[in-house]
Structures are given as structure tokens and as C-alpha cells.
Amino acid sequence: MDQSAPGPRRSRVPASRWRIDERTRVKITAVLAAGAILGVGGTHTLAYWTHQSHASATITTADFPAP
């Protein structure tokens, strides 16, 4: 194995750059939760509005001869 040729360099982003403070995390969580609630509610409302159910019945009477 030839170890004289270096491999491709990978740039690494420090972990501290991706840290989010607690207040921002709470805001992001609240926005995502509100979006989920509105999405589910909107889907349910749309499904209710477009739901079509039709009921039909046929009622008949019978004549019985008197004894």
C-alpha cells in the first residue's frame, strides 16, 4: 500500500456550530407542533367536506287478507 499519497481532505464543521440554545429549540418545537396540528386539522376538515354518503331505502307495505 502506498502511503505517500494523501487521501482527499474532509472539511469538518465543529460541533459547537450546530448547537442551538434552549429558547430557540423551544420555539422550533412549538412551530413544528403547531404545523402538525394545523396539518392534521386541515386534512380532517377537507375529508369531512368532501365526504359523500348517500342513504336510500325502499319501504313497501303488504296487504294481508282478512281471516
Review item, side-chain donor-acceptor pairs of residues 22-31, under 3.5 Å, at least two apart:
unit_1 : atom_1 : unit_2 : atom_2 : d
T24    : OG1    : D21    : OD1    : 2.5
R25    : NH2    : I20    : O      : 3.3
T29    : OG1    : R25    : O      : 2.8

Any chance you could pull the hydrophobic cluster mates of I37, using side-chain heavy atoms under 4.5 angstrom and chaining through other members?
none

Applied to residues 35-48, the side chain to side chain donor-acceptor pair (under 3.5 Å) test, sequence neighbours excluded, yields none

N/O donor to acceptor pairs below 3.5 angstrom from side-chain atoms of residues 57-67, sequence neighbours left out:
none

